[in-house]
Amino acid sequence: MSMLPEVASGLLCGALFGYVLENAGFGSPVKLTAQFRLTDWSVFKVMFTAIVVAAAGLLALEELGVVAKDAMFVPPALLGAAAIGGALIGAGFAVGGYCPGTSMVGMVSGRLDALAFVVGLVIGTLVFALGFGIFGAWVNAGEFLDGDTLSEALNVSAWVVVAALAAAAIAGYAVAARFESGPVGPLGAEQAVAGAQPQIIVR
Amino acid sequence: MSTALVSSAGGRVRPFWPPWLAGIALGLVLLLTFLLVGHGLGASGGTTHLTAWLGSIVAPEATRANPYLGPMVREGNALSAWIVWQVLGLALGAFFAAWQAGRLRLQVDGERTVGRWRRIGLALIGGAAAGFGARIAGGCTSGLGLSGAATLGVSAFVFLVAFFAVGLVVSRLVRGVQ
């Protein structure tokens, strides 16, 4: 691929990604971490909806022959590495208020704590690189040999998996509605922009 | 410290999109990315290249010799990678959205609940844990969790379960931003 299309596709996809994340409210660490306090389920809803839409879209485009089967990158099933990384990023999210992508959104919307998180990302990457002799082996931890995708691992059609995910998403929205009707509801843009403020809604 | 910055919304703060709408939009952007480049969206790859680039300025010899960062530096400029352009685009797109909606504000978010320096310290520690974890997993919430799950990758679902489970527990142990 020549240089120009790579720059153009990167900037285009990134700009749309950032535009959607900010409009979802994902520059606010108060809103993001409210997912773990179970008072605002936006993180779950946005991620799960996007996964179902993109997964169904990719499958449909494969069926129509627009994209070749197996042409898309599927992450290798290194389940131990994924679990360690997921745990550390979940802990970092709860403590620091962001994940790597959302810290960029927070930073460009004027949050200096997000800038500190990005500096932390560089430090964490540096620690990994300096200790690569030890940590390098963790990267390949827990390889699962029965297939990289859920449909291979469970030996069912990919459409069955997508249907199950869609059903799980609908169930998740119902559970979310119960939690979000409590005394503290989802964080609105006004509160998010004003900074962390305990928000009690009297109904 | 909290200073509202210039916006096109005339002092008004526009509401966020409803989550279902943002989710559909994010899914379509992810689908477009797969069609254009054959893989999904990411973020931590950008800060990894940034780390390699900073290393090549501060300690060029050590960075070149490092088994992890070395290959990124030796192939030329460490910043010349698709993911770097995508993360730059992410920053531009998010800035435009915040500007358009009156949501730009210079602040240390969370200082009201935990104090300014404690908040900065927690963000640094959280960032370091996430930066290290993303290198072990080979991706973060975007690159492995979101993009991997769209291809039904088993490791993406393991990542997401670990992410939510540990996040739920740790947010009860540490009083962070809220």
Side-chain angles (χ1 to χ4, degrees), chain A residues 9-11 13-16 18-20 22-25 29 36 42 45-46 49-51 53-55 57 73-75 77 79 82-92 94-97 99-101 105 108-111 113 116-117 120-125 128-129 132 149-150 189 196, chain B residues 16-17 19 22-23 25-27 29-31 33 36 39 43-44 47 51 68-69 82 85-86 89-90 93-95 97-98 105-106 109-110 112-113 120 123-124 126-133 135-137 140-142 148-155 158-159 162-163 166-167 170-171 177:
Chain A
S9 66
L11 284 174
C13 296
L16 293 171
Y19 188 77
V20 173
E22 203 286 332
N23 272 302
F36 290 151
S42 298
K45 288 180 188 173
V46 172
T49 307
I51 288 167
V53 167
F73 172 76
V74 179
L79 305 190
I84 296 168
L88 284 168
I89 294 172
V95 171
C99 61
V105 181
V108 299
S109 50
R111 289 176 173 88
D113 52 305
F117 192 95
L121 287 175
V122 170
I123 293 170
T125 308
F128 174 80
F132 190 71
T149 67
L150 278 181
Chain B
F16 295 134
W17 293 353
L26 183 58
V29 173
L30 185 56
L31 193 56
T33 308
L36 288 177
H39 57 76
S44 64
T47 45
T51 306
Y68 190 72
L69 300 177
W82 185 87
W85 293 109
Q86 189 246 270
L90 193 170
F95 175 81
R105 190 176 192 94
L106 194 63
D109 203 346
R112 287 187 218 210
T113 45
I120 295 287
L124 261 176
F132 181 83
R135 287 312 92 215
I136 301 292
C140 57
T141 330
S142 315
T151 62
L152 309 183
V154 183
S155 60
V158 169
F159 175 95
F163 171 80
V166 173
V170 173
S171 73
V177 48

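We name chains A, B, ... by the order of the sequence lines, and we start the count at 1 in each one. Quick caveat: nothing in here was measured; it's all calculated off a predicted structure.
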*Kindly determine whether Thr149(A) and Thr151(B) satisfy side chain to side chain contact (heavy atoms under 4.5 Å, CB included), including the steps that lead there.*
CA-CA 7 Å; Thr149(A) 67; Thr151(B) 62; 5.7 Å; no
*If you tally heavy-atom pairs under 4.5 Å against chain A, which of Val170(B), Leu30(B), Ile136(B), Val166(B) wins?*
Ile136(B)
*Thr33(B) OG1 to Leu16(A) CG distance, which is reported to the nearest 0.5 Å*: 7.5 Å
_Set of residues satisfying ring-ring contact (aromatic ring centres under 6.0 Å, His included) with respect to Phe159(B), sequence neighbours excluded_ = none
*How many angstroms lie between atom CZ of Phe163(B) and atom SG of Cys99(A), to the nearest 0.5 angstrom?*
5.5 Å
*Please tell me if the side chains of Val53(A) and Leu31(B) come closer than 4.5 Å, counting only heavy atoms from C-beta onward.*
no
_If you compare all heavy atoms of Gly153(B) against all heavy atoms of Val74(A), which two are closest, and at what distance to 0.1 Å?_
CA-CG1, 4.2 Å
*Can you tell me how far the CD1 atom of Ile123(A) sits from the OG1 atom of Thr47(B), to the nearest 0.5 Å?*
12.0 Å
*Listed by chain and number, what are the ring-ring contact (aromatic ring centres under 6.0 Å, His included) partners of Tyr68(B), not counting sequence neighbours?*
Phe128(A), Phe132(A)
_Choice from Gly126(B), Ser44(B), Ala22(B), Gly127(B) maximising heavy atom contacts with chain A below 4.5 Å_ = Gly127(B)
*Mind checking whether Leu90(B) and Val105(A) have side chains closer than 4.5 Å, heavy atoms only?*
yes
*With chain A, which of Thr51(B), Ile120(B), Leu26(B), Val29(B) has the greatest number of heavy-atom pairs at distances under 4.5 Å?*
Thr51(B)
*asked:* So which residue, Gly131(B), Cys140(B), Ala123(B), Ser155(B), ends up with the most heavy-atom pairs under 4.5 Å with chain A?
replied: Ala123(B)
*Do you know the tightest heavy-atom contact between Pro19(B) and Val46(A)?*
O-CG2, 3.6 Å
*Atom CG of Leu121(A) and atom CZ of Arg135(B): how far apart are they, to the nearest 0.5 Å?*
10.0 Å
*CZ of Phe132(B) to CD1 of Ile89(A): how many Å apart, nearest 0.5 Å?*
11.5 Å
*Between chain A and each of Ala162(B), Gly133(B), Ala94(B), Ala129(B), count heavy-atom pairs under 4.5 Å; write down the option with the most.*
Ala94(B)
